[in-house]
Amino acid sequence: MKILAIGTHAHTFVDDSGADQPAIDQDLADMGQQRYRRIDRFIKLALLGSGRCHKEKSIPDNTTVCLVSGMAALTNTTAVQRTMLAQHKPPKPIHFVNTLSNAAGFYVADNLGLHGKNLFISRGDQSFEAGLALAKQELICAPQTPVLLGAVDECPLPIHEHRQRIKVSSDRAMAEGSHWWLLSNDSDSDEQTIASIDFSITFPTWQAVKRWLEEHNKTYDYIVFQHSTAFTRAQIEHCQKYTCARQFSSDLGEYGTRSAGVMTAFLQNQNQDSLFSISADVWGRFHIMAISP
Amino acid sequence: MSACDHAGIAACGITSHLGIGLDAHCAALKNGASASQCFPLEQFANVMDLTTNYLTVPHSPDDALAHLHFLIDQAMEDLLAKHTIDDQARALMPVFLGSSCYGIGVAEALYAEALAQGDSAIPLPLDGFFQISSYLHTRWGFTGPDFACNTACTASANALLSAASGINAGLYDQALVLGVEAYNLTTSAGFAVMQLLSPDKMRPFDKRRNGLTLGEGCAAILLTKDETGDLPVHVYGGASACDTYSISASNPDGSEIANVIEQALASADIKREQVNAIKAHGTASPLNDVAEAAAMRAVFGKNLPPFFCLKPAIGHTLGACGALEVALFTGFLERASLPASSGFSEADPELEGVTPSTHALAATPGFYMANFFGFGGNNSSLVLRYTPRGEAVTQ
């Protein structure tokens with residue numbers, strides 16, 4: 001699986017009031033995108049990242065859109081919940097429609113003129129890993145159809161409330177991100193390749209990861225422990241021993257698809273190096289992936 | 001017998017307004033069951049009169065989380081009563097979920113409770129997508145890679161398509177597909193304010209159609225590589241595509257739906273003449289039935305095979321309808337029959353002769369189609385193949 005183009009937006013909030021939330025309307029207008037009325041921030045973030053990807057490389061109209069997110073359109077959906085349950089008023093039709101997780105995918109397809117498959121997938125903090133696995137499957141089943149994989153999560157205001165929602169400590173910086181990768185099959189002859197994705201695998205236990213690492217026997221330049229607090233010291237040392245990799249870290253704030261942001265940042269800055277990524281989820285499963293130049 | 005290269009439906013578990021299991025459903029649907037259940041949304045009584053039309057699952061608990069788990073448990077118990085899945089298989093097989101509600105009802109309940117207690121209430125105080133996969137993991141031991149798909153009313157149809165594609169490509173031997181829809185206020189209120197609900201009952205493709213009835217339910221489908229070739233129903237092909245005509249309605253000329261049906265036929269490498277019958281999406285909304293009828297006319301012309309609708313009996317189960325209606329379709333094919341389409345009595349001239357079958361029919365071996373369309377321009381079409389038990393599958 002090859003990465004042909006990347007479009008990205010990430011912002012880590014420094015002000016808990018949210019006053020530094022980027023105003024992205026002008027960015028969208030500058031890109032010459034279609035103007036949509038009554039769209040929420042999640043849709044705007046999706047349009048921004050996908051639009052930037054399209055600017056890097058024209059996206060074929062049969063491309064499969066695979067949008068992934070940890071919690072999807074939170075600003076709009078929380079507003080709908082407040083309207084209904086705190087104010088006892090029914091939602092406006094457009095606000096209801098925009099609670100649908102695939103609404104953003106619709107606008108991305110419309111904006112870029114795409115009419116292929118349009119999917120939305122979530123898997124908590126491992127949503128990006130799930131999207132990569134599904135993208136790989138799509139490219140095996142339809143090798144001639146590229147996949148536009150987008151990882152989008154917003155940080156609804158107020159930020160302190162969102163911290164409580166996703167259960168992170170008050171000292172943890174929060175962020176929003178929209179990261180889009182245009183992917184093609186390895187057999188694609190396109191020469192504009194940023195990197196290759198070697199694999200994206202889920203293991204049910206640490207023991208299974210250990211066995212795989214010992215058998216895989218391949219070294220990498222860097223390793224990143226996504227959500228690093230979920231790992232024991234022994235697990236970190238074992239991974240480093242078998243991958244012989246230096247640790248890569250990012251100061252990106254917290255959001256559901258942060259791993260996409262970390263890997264995108266790596267690709268933008270160190271695309272001559274290989275990266276092994278490992279993520280641990282709350283059930284003790286491990287999700288690994290690797291990219292190489 | 002010989003192996004079949006296409007994913008076979010090894011077993012289905014189902015629960016809906018009609019009860020539990022395919023036997024109960026097929027018996028009720030054989031002659032065209034139809035139901036409606038209208039009740040006011042009292043939460044908004046001080047602002048406006050808003051009524052929903054919703055078919056709930058009988059005997060389900062009131063507590064939102066227990067309710068969601070109850071639906072999943074009923075479908076899983078029904079599935080596992082027909083087909084055992086050992087611990088190792090449960091630990092490894094991928095799980096493809098399709099739902100348009102996930103944990104929204106649970107989040108609503110927690111938020112309402114916090115508001116009532118005067119706490120600093122937070123709307124959406126949990127990861128809704130997590131609720132179903134988490135329960136399958138902890139209660140049922142399915143710990144493999146999970147994919148929570150949400151493409152509105154095509155969610156579990158797309159989940160089925162992804163699972164079948166993975167098996168057909170040899171990526172896995174088995175996959176669990178689960179479609180779930182549980183009652184929640186957001187959906188009921190949303191459909192009510194969009195004026196999509198019928199004030200009485202669903203009449204797909206009928207001249208007097210006036211909207212849909214919502215429904216809840218759950219279907220669990222075990223897809224498997226058919227090594228012996230003795231499974232009667234296979235997911236033989238399918239397609240999914242995005243229609244950007246409107247976020248909340250299909251292009252009324254039917255062109256985009258026709259396009260996805262053509263793609264599904266091509267994926268199964270069959271001709272339109274080979275389709276024996278169609279399970280229509282049939283939401284009974286004035287415009288969507290126009291679009292679906294136009295698409296069927298465009299693809300099949302004067303040789304439109306018999307088609308039927310299942311939603312009048314179980315309601316529109318939204319993100320779950322792909323799994324629920326494919327499970328029901330499978331149940332009928334296994335019984336070598338097709339259900340009557342209920343709610344229809346008067347042809348609509350605007351649909352130009354497209355009328356559903358009002359009588360139960362015999363199902364003959366061959367190909368069948370199931371269509372699903374949703375908000376967000378999401379259109380999906382699946383091709384099933386039915387081979388009676390004891391007859392060899394030929395590729």
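Chain letters run A, B, ... following the sequence lines, proteins first, then strands; residues in each count from 1.
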Side chain, backbone, both or neither: which part of [X] has an atom under 4.5 Å from a heavy atom of chain B?
X: Leu114(A); value: backbone
X: Arg285(A); value: side chain
X: Val282(A); value: side chain
X: Tyr107(A); value: side chain
X: Leu119(A); value: both
X: Lys167(A); value: side chain

Which distance, rounded to the nearest 0.5 Å, do you find between the [atom1] of [X] and the [atom2] of [Y]?
X: Phe44(B); Y: Thr83(A); atom1: CZ; atom2: OG1; answer: 9.0 Å
X: Ile247(B); Y: Ile43(A); atom1: CD1; atom2: CD1; answer: 6.0 Å
X: Asn118(A); Y: Thr151(B); atom1: CG; atom2: OG1; answer: 8.5 Å
X: Asn102(A); Y: Cys242(B); atom1: CG; atom2: SG; answer: 8.0 Å
X: Tyr172(B); Y: Gln137(A); atom1: OH; atom2: CD; answer: 3.0 Å
X: Leu110(B); Y: Gln81(A); atom1: CG; atom2: CD; answer: 10.5 Å

For [X], is it the side chain, the backbone, both, or neither that has a heavy atom closer than 4.5 Å to a heavy atom of chain A?
X: Asn168(B); result: neither
X: Pro145(B); result: both
X: Ala239(B); result: neither
X: Leu124(B); result: both
X: Ser188(B); result: neither

**Item:** Largest heavy-atom contact set with chain B, pairs under 4.5 Å, which of Glu161(A), Gln164(A), Glu129(A), His115(A)
**Value:**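 Looking at each option in turn, the highest pair count goes to Glu161(A).
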
**Asked** Under 30°, 30 to 60°, or over 60°: which ring-plane class applies to Phe96(A) and Phe375(B), parallel, tilted or perpendicular?
**Response**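 Aromatic pair Phe96(A)/Phe375(B) classed perpendicular.
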
Select, from [options], the one with the greatest count of heavy-atom pairs under 4.5 Å involving chain A.
options: Ala169(B), Ala152(B), Gly319(B), Pro94(B); value: Ala152(B)
options: Thr143(B), Leu171(B), Ile122(B), Thr187(B); value: Ile122(B)
options: Tyr102(B), Phe191(B), Tyr245(B); value: Phe191(B)
options: Gln195(B), Glu108(B), Met48(B); value: Glu108(B)
options: Val193(B), Asn378(B), Asn150(B); value: Asn150(B)

Side-chain contact, heavy-atom cut-off 4.5 Å: [X] with [Y]?
X: Leu185(B); Y: Leu85(A); result: yes
X: His88(A); Y: Asn46(B); result: no
X: Ser165(B); Y: Glu138(A); result: no
X: Phe130(B); Y: Ser122(A); result: no
X: Asp281(A); Y: His137(B); result: no
X: Arg165(A); Y: Pro123(B); result: yes
X: Ile104(B); Y: Thr77(A); result: yes
X: Pro204(A); Y: Leu92(B); result: yes

Looking only at non-hydrogen atoms, find the nearest pair between [X] and [Y] and report the distance.
X: Trp283(A); Y: Ser134(B); answer: CZ2-CA, 3.1 Å
X: Met71(A); Y: Asp127(B); answer: CE-CA, 3.7 Å
X: Leu134(A); Y: Phe96(B); answer: CD1-CE2, 4.1 Å

**Prompt:** Could you walk me through whether Thr78(A) and Tyr111(B) pass the side chain to side chain contact (heavy atoms under 4.5 Å, CB included) check?
**Reply:** CA-CA 10 Å; Thr78(A) 54; Tyr111(B) 181 44; over 6 Å; no

**Message:** For Gln88(B), I'd like to know if atom CD has over 12 heavy atoms of other residues, nucleotides or ligands within 6.0 Å.
**Reply:**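 Incorrect, the count does not exceed 12.
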
**Request:** Step through the shown structure and confirm whether more than 12 heavy atoms of other residues, nucleotides or ligands are within 6.0 Å of CG on Asp269(B).
**Result:**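 At most 12 heavy atoms, drawn from other residues, nucleotides or ligands, come within 6.0 Å of this atom.
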
**Message:** Ring of Phe129(B), cation from Arg123(A) - is the NZ or CZ under 6.0 Å from the centre and inside 45° of the axis?
**Reply:**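 No - Arg123(A) does not lie over the ring of Phe129(B) by the 6.0 Å and 45° rule.
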
**Message:** As a quick check of understanding, evaluate side chain to side chain contact (heavy atoms under 4.5 Å, CB included) for Gln87(A) and Val47(B), giving each step before the final call.
**Reply:** CA-CA 10 Å; Gln87(A) 299 165 14; Val47(B) 182; over 6 Å; no

